[in-house]
Amino acid sequence: MKIAVYGKPSNPTVFPFIKEVFDCLEKYGSEVFVHIDLYYFIAEQPDFSKNYAHFSSYEDINGIVDVMLTLGGDGTILGTVDLIRDSGIPVIGINFGRLGFLASVNKNDIEEAIKALVNKQFTLDERVLLELESNPPVFKNINIALNDITIHKRDNAAMITIHAFLNDEFLNSYWGDGIIVSTPTGSTAYSLSCGGPIVFPQSGNFVITPISPHNLNVRPIVISDDHTLTFKVETRSTNYLVSCDSKTETIDSSSVFTIRKAGYGFNLVRLNNESYLSTLRNKLMWGLDARNY
């Protein structure tokens with residue numbers, strides 16, 4: 001199996017786990033491709049091989065690798081969206097972070113997970129992506145999000161006004177700190193912390209969640225993912241922010257943004273011993289009686 005490994009340079013506490021990952025990939029006969037940033041990082045370590053092929057772009061892996069393995073947290077998986085694009089390469093994450101909704105493999109289960117992966121003991125969990133359009137373009141047209149697209153004010157700025165349209169019909173005007181449009185995948189991320197609902201991955205929905213709204217009668221809205229959303233932004237400040245997952249740009253004028261479902265999806269690897277429900281229960285600690293603690 002041809003496996004691409006993606007991650008960022010890490011702190012020394014995770015060195016043993018990164019080493020275990022590469023040892024297990026070699027043990028089970030995988031052909032390994034390492035992202036260039038991680039490659040230079042491990043090349044400086046005395047116990048790592050220097051003989052891995054490396055990659056830096058979509059063109060380097062499209063049609064070549066079978067699976068992408070990420071080392072980090074959920075943010076690391078989000079960072080693969082621009083690399084994978086429409087290639088369909090499935091992604092599995094080993095969690096070196098904290099919560100780990102997407103990077104669901106515990107760092108203490110590395111060998112078991114890699115063995116299952118190379119033996120193809122997994123299913124694919126396809127997730128919907130969001131696409132952002134604007135004029136002028138933002139993010140150099142690399143404008144796809146797995147979790148959410150957010151329009152929000154700067155920390156020290158006055159509130160902004162966002163006029164929302166659903167399939168070109170006026171929906172509402174939001175006064176506040178901003179607005180989040182999340183996929184079901186992103187419903188357990190920023191949207192959840194702002195009071196949005198948890199939406200199951202294959203529900204066919206998006207969630208519109210206001211951030212600290214000044215008009216207190218507005219609430220999060222769940223809409224079908226075949227709808228197109230348009231937002232017209234007004235602000236008394238000189239600029240505001242637009243985020244596409246972990247990418248953020250500063251916008252210095254009133255603009256119009258269109259958000260819709262992307263024309264392709266994102267494949268997460270689900271090992272046969274896990275499910276979305278089990279991940280949800282474990283990460284949110286549902287069903288645990290904490291009254292005696």
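Quantities reported herein were computed from a predicted structural model and do not represent experimental measurements.
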Using atom types as modelled, flag every donor-acceptor pair under 3.5 Å from a side chain in residues 189-200 to any protein atom, sequence neighbours excluded.
unit_1 : atom_1 : unit_2 : atom_2 : d
Ser191 : OG     : Thr209 : OG1    : 2.8
Ser193 : OG     : Tyr190 : O      : 2.7

What about [X] and [Y], same hydrophobic cluster or not, with Ile/Leu/Val/Met/Phe/Trp/Tyr joined at side-chain heavy-atom distances under 4.5 Å?
| X | Y | value |
| --- | --- | --- |
| Leu241 | Tyr174 | no |
| Met159 | Val218 | no |
| Val138 | Ile142 | no |
| Ile179 | Val256 | no |
| Val242 | Trp175 | no |

Shortest non-hydrogen contact from [X] to [Y]?
| X | Y | answer |
| --- | --- | --- |
| Glu249 | Lys140 | OE2-N, 4.2 Å |
| Asn119 | Lys115 | ND2-O, 3.0 Å |
| Ile160 | Asp177 | CD1-O, 4.2 Å |
| Ser104 | Glu274 | OG-OE1, 2.9 Å |
| Lys153 | Tyr240 | CA-CB, 4.4 Å |
| His163 | Ser173 | ND1-OG, 2.6 Å |

Would you say [X] and [Y] make side-chain contact, with heavy atoms under 4.5 Å?
| X | Y | value |
| --- | --- | --- |
| Leu124 | Glu126 | no |
| Val269 | Leu69 | no |
| Ser182 | Val207 | yes |
| Phe206 | Ile208 | no |
| Ser134 | Phe257 | yes |
| Phe41 | Asp37 | no |
| Ile180 | Ile211 | yes |
| Ile3 | Ile114 | no |

Would you give me the side-chain donor-acceptor pairs under 3.5 Å for residues 106-113, sequence neighbours excluded?
unit_1 : atom_1 : unit_2 : atom_2 : d
Asn106 : OD1    : Asn108 : N      : 2.8
Asn106 : OD1    : Asn108 : ND2    : 3.1
Glu111 : OE2    : Lys27  : NZ     : 2.5
Glu111 : OE2    : Tyr28  : OH     : 3.0

Worksheet item: Quick one: hydrophobic cluster around Leu129, which other residues, with the 4.5 Å side-chain cut-off, linked directly or via members?
Response: Tyr6, Phe33, Phe55, Ile61, Ile64, Val65, Met68, Ile77, Leu78, Val81, Leu83, Ile84, Ile89, Val91, Leu102, Ile144, Leu146, Tyr264, Phe266, Leu268
Item to complete: May I ask you to list the residues sharing a hydrophobic cluster with Phe165, side-chain cutoff 4.5 Å, ordered by chain and number?
Response: Phe170
Interatomic distance, [X] atom [atom1] to [Y] atom [atom2] [nearest 0.5 angstrom]:
| X | Y | atom1 | atom2 | result |
| --- | --- | --- | --- | --- |
| Asp245 | Leu132 | CG | CG | 11.0 Å |
| Thr70 | His35 | OG1 | NE2 | 12.5 Å |
| Lys232 | Ile162 | NZ | CD1 | 14.0 Å |
| Asn172 | Arg219 | CG | CZ | 12.0 Å |
| Ser278 | Tyr276 | OG | OH | 11.0 Å |
| Ser243 | Phe139 | OG | CZ | 6.0 Å |

Practice prompt. Could you go through the side-chain contact (heavy atoms from CB on, under 4.5 Å) check for Ile251 and Ile151 one step at a time?
Written response: CA-CA 10 Å; Ile251 310 298; Ile151 303 168; over 6 Å; no
Discussion item. Check this for me, if you would: do Arg127 and Asp125 make a salt bridge, where the nitrogen-to-carboxylate-oxygen distance has to be below 4.0 angstrom?
Written reply: yes
Has the side chain of [X] got a donor or acceptor atom that lies under 3.5 Å from a matching backbone atom of [Y]?
| X | Y | result |
| --- | --- | --- |
| Ser30 | Glu26 | no |
| Asp60 | Ser57 | yes |
| Thr183 | Asn147 | yes |

Output a table of donor-acceptor pairs, distance under 3.5 Å, between side-chain atoms of residues 221-231 and any protein atom two or more places apart or on a different chain; print 'none' if there are none.
unit_1 : atom_1 : unit_2 : atom_2 : d
Ser224 : OG     : Asp226 : N      : 3.3
Ser224 : OG     : Asp226 : OD1    : 2.6

Worksheet item: So which pairs with a foot in residues 85-95 pass side-chain hydrogen bond (donor to acceptor under 3.5 Å, both in side chains), sequence neighbours left out?
Response: Tyr58-Asp86
